[in-house]
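Notes follow the structure.
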Amino acid sequence: MKTVQISLNSIDKVKSFVNEITKYDNDFDLVSGRYVIDAKSIMGIFSLDLSKPIDLNIHADSNIDSILAALDSYIIK
């Protein structure tokens with residue numbers, strides 16, 4: 001599992017983020033405070049406080065580099 005911090009501070013970013021990760025069969029969790037939601041759930045994402053950075057847990061072993069490259073524009077460096 002790999003954890004990165006991401007920013008989803010607009011509706012368009014949320015939609016494009018969900019479209020991007022649904023291309024993968026892996027599990028993705030978003031963690032904000034004590035809430036953990038499925039990152040592929042657009043309704044779940046909108047229930048979070050999107051004004052703050054969110055932790056993304058990527059449950060993958062083999063294709064982690066390609067996932068990180070695809071999500072580069074959302075990752076806070």
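All values derive from a computational prediction rather than experimental measurement. Residues take their numbers from the sequence shown, with the count starting at 1.
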Next on the checklist: Could you check whether atom OH of Tyr35 has more than 12 heavy atoms from other residues, nucleotides or ligands sitting under 6.0 Å from it?
Outcome noted: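 Result for OH/Tyr35: open.
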Item to check | Heavy atoms from other residues, nucleotides or ligands near CG of Asp25 exceed 12 (cutoff 6.0 Å) | outcome: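 No, CG of Asp25 has 12 or fewer neighbouring heavy atoms, counting only those of other groups under 6.0 Å.
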[atom2] on [Y] to [atom1] on [X], rounded to 0.5 Å:
X: Asp29; Y: Ser41; atom1: CG; atom2: OG; result: 11.5 Å
X: Asn19; Y: Lys40; atom1: CG; atom2: NZ; result: 12.0 Å
X: Ile54; Y: Ile76; atom1: CD1; atom2: CD1; result: 8.5 Å
X: Lys23; Y: Ile67; atom1: NZ; atom2: CD1; result: 12.5 Å
X: Leu30; Y: Asp55; atom1: CG; atom2: CG; result: 9.0 Å
X: Asn63; Y: Leu68; atom1: CG; atom2: CG; result: 9.5 Å

Quick check: closest heavy atoms across [X] and [Y], and the distance to 0.1 Å?
X: Ala70; Y: Tyr24; answer: CB-OH, 3.5 Å
X: Lys2; Y: Ile64; answer: CB-CD1, 3.6 Å
X: Tyr74; Y: Phe17; answer: OH-N, 3.3 Å
X: Ile45; Y: Ala39; answer: CD1-O, 3.4 Å

Next on the checklist: Within the 4.5 Å heavy-atom criterion, are Ser7 and Lys13 side-chain neighbours or not?
Outcome noted: yes
Item to check | pair Ile6-Leu71: side-chain heavy atoms closer than 4.5 Å | outcome: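 Side chain of Ile6 against side chain of Leu71, heavy atoms only: no contact under 4.5 Å found.
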Can you hop from [X] to [Y] via hydrophobic side chains spaced under 4.5 Å?
X: Met1; Y: Val31; value: no
X: Phe46; Y: Ile21; value: yes
X: Leu50; Y: Met43; value: yes
X: Ile75; Y: Leu48; value: yes

Checklist entry - Quick one: salt bridge (Lys or Arg N to Asp or Glu O under 4.0 Å) partners of Asp49, sequence neighbours excluded? => result Lys52
